[in-house]
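Side-chain atoms are counted along with the backbone in the values below, which use heavy atoms only and exclude waters and symmetry mates. What you are looking at is a predicted structure, and each value in this text was computed from that prediction instead of being measured. If you read the sequence from its start, that first residue is 1, and numbering goes on from there.
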Amino acid sequence: MKASKQSHARGHRAKSKQQDNSKEFDKYYNSVYGSRWPSLREALLKPTVHAALANTFIRPAATAACVDAGLVPLLSLGPMCAYLRSKPAGSYPPPPLDPASALRMWYWLDLASVLPVLLLQPRRSHSALDMCAAPGGKSVLIAQHLLVPAAPLLAPPLAPPLAAAATPTASAEQSEAAVGSGTADKAAQSYSQSLRQGPAAEVEAGMTAATAVRAEATDVDTTAVAARPAVANGEDGDTSWGELHPGVVDAARERADAGGGTESQHTSHRKPPPPMSLAVPPTLPPPLPPGKLVCNEPDRPRLQRLQRVLEEYVPVSTRANLEALNYQGHAYWGRNQACCYDRVLVDAPCSSDRHVLQQAASAQRGVIAAADWSLAGCKRIADEQLQLCLAALRALRVGGRLVYSTCSIAPLQNDDVIERLIRRCGPGVVSVLPAMEALRGAVAAEEDVQAGLAEKAEPVMLGNGGKGQGGRSIEDGERVKEAEGNGEEPEVMKVLKAEATRHGLICLPDRGAWGPMYVAVMEKVGEMQGMGVAAVLRPQPTGMSDGEEDEGSEEEEGDRGKEGQEE
């Protein structure tokens, strides 16, 4: 009798996993999105659009490869350059390899996936944790911000171009150095201009700079330079005082001013050269050391894919700053490494609604099986997402930033998780930042970083307060004011069409063709009083018994993957 009861229970559970939940699916999301749901559902059923994100570690080669492949520039922001295929052509082929570095030229991903990294704002010297890292697109983006050298491709001139002119007895070698410095300065200015113009001009600028260096180098008359000392040029370009012996320079100037003597008649129409503003290398703080990135993935097969992606996109010379782990995120960081990271990204496993819809339409004739999606399963996933966020806060330093993201369109896995996190921790522990303002500030910060790279390639003229051309404040508050004050929406917001929610923002494919992607950004403002390991790890299921949660935890494991998000 007992055996038959167990057999009946197993059969009932198997039958429930195969039942059609299509009506429940549509009913729930129709209650959330109302009249918008039919158009959103149709957009979710369309094939996911991917953008090609150029590999910043090999940016010149990657930029040229994108142009050669016929990709159209879509978005350029700081070190990030995204391209789009001009025409849909079926599947997305593997990106080509760079012959010099053996790295992939670009990474295919849904462009909405850059939002979590933009809001995370990782910088060199930061210690960052990507708690749910596979398949690896966001990890590559974070690594580019943490590990790509801050110095531009063309360094500023080693000596002022006109420094030798200030000393009449300068040697010929110093004169040649001055000429070479002027050439390097022109090349640097050409490169910095290409940085501001975007990826399309970068390859051309590099070729132009190299051509200018070669052309000017051939025009230098080294014999003439070696035969006479370096001189200061007059306004008409001829030598005025340099051919005279240094001891009679003052006497010659007096005769010229008095109008007497043959030499004074020859030079009386000229004025002494005005004092020149010497171009000097900018006074810059020492470059920040590279950061540290820990990538975690609890699923072993997905971990192998993550490791392969890191090997294909990150140079060997910087992989010492990368670490790939295989832990259950909420358990490991709930117990270990408290207050160790400046930035934590929780790109949480979710119900993957778009993947569920597309799979049902292609393989199951529109039938959404209970094993693939159920409202109870969404609630169980939300409980796990909350535990990941609690563990992330424990691992985060006070003052650090936590970004939570999903590819779900269900509010109970998005804003509701943030709401529960605030109630659980209190306002003295976590502060939720207004996502739209944070995005504007992040965009301005990326532009400031790129402008700083360009300014390092340009000499700073004395008398401008020590700031480079176009210099801006580095304070986040002023960046936001500047972005809002000009009345123009950042380009990334125009492209992604992000919409504000209660605690974050969301990209939906019926508005901007990207996503879905939900993002919320938080800062840790204090330690979690009374929130020890036991409190962080204690589950708090949503409206279910402990038995129901235990029964469904393994069944939902496969549903929480984001297989279609970045592929």
Side-chain angles (χ1 to χ4, degrees), residues 13-51 84-85 87-94 108-113 134-135 137 299 301-302 305 347-382 385 405-414 496-499 506-518 552 555-567:
R13 188 162 62 243
K15 182 179 179 181
S16 66
K17 291 175 64 176
Q18 297 300 322
Q19 72 180 12
D20 185 3
N21 274 6
S22 303
K23 291 183 178 180
E24 183 184 15
F25 185 92
D26 284 318
K27 180 180 178 181
Y28 172 68
Y29 287 115
N30 188 65
S31 67
V32 173
Y33 292 98
S35 60
R36 183 180 178 181
W37 172 238
S39 61
L40 177 57
R41 193 183 197 280
E42 183 180 355
L44 292 170
L45 285 169
K46 293 179 180 178
T48 305
V49 180
H50 291 85
L84 194 64
R85 293 194 301 185
K87 295 180 180 179
S91 60
Y92 292 84
W108 293 113
L109 84 172
D110 186 331
L111 193 61
S113 296
D299 184 69
R302 289 169 63 84
R305 179 180 177 183
D347 186 32
C350 64
S351 54
S352 301
D353 309 290
R354 183 171 196 169
H355 180 68
V356 168
L357 267 178
Q358 292 181 348
Q359 182 180 5
S362 60
Q364 302 175 18
R365 298 180 181 179
V367 174
I368 299 177
D372 297 328
W373 187 94
S374 68
L375 191 56
C378 289
K379 293 177 180 178
R380 284 193 292 267
I381 294 172
Q385 292 167 337
S405 63
T406 76
C407 59
S408 173
I409 61 174
L412 61 87
Q413 296 182 28
N414 296 336
L496 295 178
K497 303 291 186 183
E499 306 171 51
I506 191 169
C507 290
L508 295 173
D510 63 329
R511 295 283 174 89
W514 309 103
M517 175 62 62
Y518 171 84
E555 297 173 2
E556 295 295 333
E557 182 69 25
D559 301 340
R560 298 184 297 112
K562 307 182 291 298
E563 297 296 338
Q565 181 172 323
E566 294 178 354
E567 295 177 352

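Closest non-hydrogen pair, N21 versus S374, comes out as ND2-CB, 3.5 Å. In terms of heavy atoms, P47 sits closest to Q358 at CA-NE2, 4.2 Å. Nearest heavy atom pair, residue S35 against residue P38, reads O-CD, 3.3 Å.
The shortest distance between side-chain heavy atoms of I368 and D26 does not fall below 4.5 Å. Proximity of V356 to S351: side-chain heavy atoms (C-beta onward) are nowhere separated by under 4.5 Å. The shortest side-chain heavy-atom distance between C378 and L412 falls under the 4.5 Å cut-off. Under the 4.5 Å side-chain criterion, counting only non-hydrogen atoms from C-beta, L496 is not in contact with M517. Side-chain contact check for L40 versus Y29: every heavy-atom pair is 4.5 Å or farther apart. Put simply, the side chain of D353 reaches to within 4.5 Å of the side chain of F25, judged on heavy atoms. In this structure the side chain of K46 never reaches within 4.5 angstrom of the side chain of P509, judged on heavy atoms. Taking the side chain as every heavy atom from C-beta outward, C407 and H355 never approach each other to under 4.5 Å.
Each of W108, W514, Y92 was compared with H50 under the ring pair (Phe, Tyr, Trp, His ring centres under 6.0 Å) criterion, and only Y92 meets it.
Checking side-chain atoms of R511 against main-chain N and O of K497 turns up no donor-acceptor pair under 3.5 Å. Side-chain atoms of R85 never come within 3.5 Å of backbone atoms of V49 as a donor-acceptor pair (strictly under, hydrogens ignored).
Residues N414 and T406 have side chains that bring a donor and an acceptor to within less than 3.5 angstrom of each other.
Once rounded to the nearest 0.5 Å, the distance linking OG1 of T48 with CG of L109 reads 11.5 Å. The CZ atom of R36 sits 4.0 Å away from atom CG of D510, with the distance rounded to the nearest 0.5 Å. Summarising the geometry, atom OG belonging to S408 is positioned 7.5 Å from atom CD1 belonging to I506; distances are rounded to the nearest 0.5 Å. Atom CH2 in W37 sits 5.5 Å away from atom CG in L44 (nearest 0.5 Å). Atoms CZ and CG, on R354 and L508 in that order, are 10.0 Å from each other to the nearest 0.5 Å.
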